[in-house]
Amino acid sequence: MAGWLLHGVLTGVDLCAIALGFYLLMRVCRVMNFSYGGVIVLAPYVCSALCDVVPPFIAVAGAVCSSAALALILEATVFRSLRRRNAHPVVSLVASLGLFVVIQALLQMVWGPARQSLGGPTPPGFTVGGLHLSFASLTARAFCLLAILGLHLLLVSTRVGSRLRALSCDWDLAQSLGIRSGRLLLICSAIAASLGALGAMSVSLQFGYAPHTGQDLLFLVFPAVILGGRTFIGVACSSIGLQVLRVAGQRFMPRHIVELILFFLVLVALLLPVRCLRRMRTS
Amino acid sequence: MNYLLHVAAVVIIYAILAEGSNFVSGHCGQISLCSAAFFALGGYSTAILTRDLSLSWLTALLVSQVAVIALACALSQALFRAPKSQFTMLSLLLNATVYYALASPGGLARGALGLHGIPPARFGSFAVVTPGRQLLMVLLLYAAVQYVVRAVSRAPLARVLHAIREDEAFASSAGKAVIAQKSRAFALMASLSVLAGSLYVPYASYVDPSLATLGESVLILTMMILGGAGSLRGPLVGAAVLVTLPEVLGFVGIPTASAANIRQILYGLALVGCMLWRPQGLIGEYAFGREARPK
């Protein structure tokens, strides 16, 4: 039991990093940004390519930077243009979907459709409760956890964080108080992409990666973002909680049944007036 | 000649799908990414009922319609309680759940292998086997769909849906049952998607989980938006452009290995370009509402 519980929590941390990046874009940029799935999955590809020529830590930094750079380019070219045209959120959503399709197809053209692995087949590590933990994946999770804590600190105790929170609460009021949204949105996109890239690389260390990994990761984090609603803690807790449930469920039944049950749990949560959920969703 | 008939039939099947998506995404303003799930459910149910239970195509279509519309009505009660942005995520989750269920090995759907040897549609002794007959059947049903779509667009339902699209709070305060009206639009989308699935499966004589991928849902949405959201002829125009595009690329001589990726890139760029420069689509008039946003 300790093994699968630990597995659930550790993979939950990875998904938490990805979910929080998506949540940040949704709250601050006001875009349900599907292209995020493509942006974060670029990181494992770049990391794998860089690992052949530079030390792993520099490769990871390079991969995070590549994802952040792509997110900055998309924000500066597409999403900023849409905002200048006063586009409705639906328009931005559809554009992000288009970008996601383009990125996914480009990844497939360059690196092929096959699943690839990051790190060796049996990386060095140790076993806890039947679960093999590699040093590399533990280090990646530690980075994810640090990044999540760093983001929390940034949001609650820095000037940039308070401006980001102001933008997420009331865009017009924040503007009228002199907050320059353009630069902040670029910062937000870069932070979200970096956080997601760390999560995606950590997931890839264990399960490998393919061009459609971004889409699979989005499927995994959507229930957490829906249930977690509008709070940082809510999204973080529901990411880890849902992943523990998913791992526990997959011990007893096939994956598709678990996903079906989780989907219906999300629907039931939307229907039932569960007070804590409602508070999380609307606060 | 048979090739042209085949392309025309596929264009019309996709136009029916895009018409369905138009009810929820175009008229109602809720971006739905689960059309492919209902398309696949319609296809699989028709395949199982006609192949394994030897029911006629028409009976299979009716049974599939009733089952999937009941499912859509039940699901929509929960789906539409979520905010608009979360609805899109939920519809995508629904699509993924159906895909995983169909792609899992074993069971009635037989996983990635899919179902083969699906008999052609028959009406008494009249078997729809030749491409000409298949196109005729598809055209007749498309004409029926157009009749229904035009009737709905003139009915009060369309006006309420447009009011919900423009200002949901206002529609609600005017006494409109917002969730019930959205559910009707969702049921219409499910119904048309099932019809398209039921038409496609005997035509292709096999069905596999690739019908329910996210790419398929995005393709249907792209057709609807590229043609013109909320318009009557837009879905047909969008379907015609996007179905014939890969065929044209085939003539250009792009290697088969990269043709699928290039097609995806073109779809994606078409969506982005459309949203940037022509959000009302090629022949549409309605562009999704505009909101005050900082420059």
Side-chain angles (χ1 to χ4, degrees), chain A residues 26 30-32 34 78 80-106 108-109 113 167 171-172 174-175 181-182 212 215-216 218-219 222-223 225-226 229 254-260 262-264 266-271 281, chain B residues 25 29-31 33 75 77-79 81-86 88-90 92-106 213-215 218-219 221-222 225 258 260-277 279 287-295:
Chain A
M26 250 179 89
R30 309 278 173 99
V31 180
M32 224 187 73
F34 281 93
V78 178
R80 186 176 281 183
S81 301
L82 286 169
R83 246 176 247 120
R84 285 199 177 127
R85 291 171 162 83
N86 287 339
H88 192 268
V90 165
V91 174
S92 305
L93 187 155
V94 176
S96 78
L97 210 55
L99 289 172
F100 176 53
V101 171
V102 172
I103 296 170
Q104 207 172 4
L106 282 173
Q108 197 151 316
M109 271 180 89
L167 270 182
W171 202 313
D172 294 330
Q175 286 272 298
S181 64
H212 59 81
Q215 170 183 325
D216 296 342
L218 286 183
F219 290 152
F222 278 170
V225 175
I226 293 168
R255 184 189 171 187
H256 67 280
I257 303 282
V258 177
E259 294 299 335
L260 196 68
L262 282 180
F263 175 69
F264 279 103
V266 173
L267 288 188
V268 169
L270 286 171
L271 277 173
R281 288 167 48 74
Chain B
S25 305
Q30 300 247 187
I31 297 298
L33 288 171
L75 285 174
Q77 291 301 315
L79 291 176
R81 278 172 210 277
K84 273 191 177 179
S85 57
Q86 292 191 358
T88 309
M89 283 196 265
L90 283 167
L92 208 133
L93 280 178
L94 172 64
N95 203 79
T97 309
V98 169
Y99 175 76
Y100 288 137
L102 295 176
S104 65
T213 54
L214 171 67
V218 173
L219 173 63
L221 184 75
T222 313
I225 289 178
S258 50
N261 290 325
I262 290 173
R263 188 179 62 178
Q264 290 293 320
I265 290 169
L266 288 174
Y267 289 163
L269 290 178
L271 261 185
V272 178
C274 208
M275 290 300 101
L276 277 170
W277 295 293
F288 286 101
R290 287 168 185 275
E291 268 194 2
R293 277 275 183 274
K295 300 276 190 281

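Throughout, a chain's letter reflects where its sequence line sits, starting with A, and its residues are numbered from 1.
If you tally non-hydrogen atom pairs under 4.5 Å between each of B:Val218, B:Leu92, B:Leu271 and chain A, the highest count goes to B:Leu92. When each of A:Ile103, A:Leu93, A:Asp216, A:Leu262 is scored by its heavy-atom pairs under 4.5 Å with chain B, the top score falls to A:Leu93. Chain A forms the most heavy-atom pairs under 4.5 Å with one residue out of B:Leu221, B:Thr97, B:Leu269, B:Thr222, and that residue is B:Thr97. Most heavy-atom pairs under 4.5 Å with chain B: of the set A:Gln108, A:Glu259, A:Met26, A:Gln104, this distinction falls to A:Gln108. Contacts with chain A were tallied for B:Ala270, B:Gly273, B:Gly268; B:Gly268 has the most, counting heavy-atom pairs under 4.5 Å.
Both the backbone and the side chain of A:Leu82 come within contact range of chain B, judged by heavy atoms closer than 4.5 Å. For A:Met32, the part sitting under 4.5 Å from any heavy atom of chain B is the side chain, from C-beta outward, and nothing else. For chain A, the nearby parts of B:Leu90 are the backbone and the side chain; heavy atoms of each come within less than 4.5 Å. Neither the backbone nor the side chain of A:Pro113 comes within contact range of chain B; no heavy atom of the residue lies under 4.5 Å from a heavy atom of that chain. Within the 4.5 angstrom heavy-atom criterion, only side-chain atoms of A:Gln215, from C-beta onward, approach chain B.
Between the OG atom in A:Ser181 and the CZ atom in A:Arg80 there is a gap of 8.0 Å [rounded to 0.5 Å]. The CG atom of A:Leu97 sits 8.5 Å away from the CD1 atom of B:Ile31 when rounded to the nearest 0.5 Å. For the atom pair CD of B:Gln30 and OG1 of B:Thr88, the computed distance is 7.0 Å after rounding to the nearest 0.5 Å. A distance of 4.5 Å separates CZ in A:Phe263 from CG in B:Leu94, rounded to the nearest 0.5 Å.
Taking every heavy atom of both residues into account, A:Val78 and B:Leu276 meet most closely at O-CD2, 4.1 Å. When all heavy atoms of B:Val272 and A:Ala95 are compared, the pair lying nearest together is CG2-O, 3.5 Å.
With sequence neighbours left out, the ring-ring contact (aromatic ring centres under 6.0 Å, His included) criterion links A:Phe222 to A:Phe22, A:Phe34.
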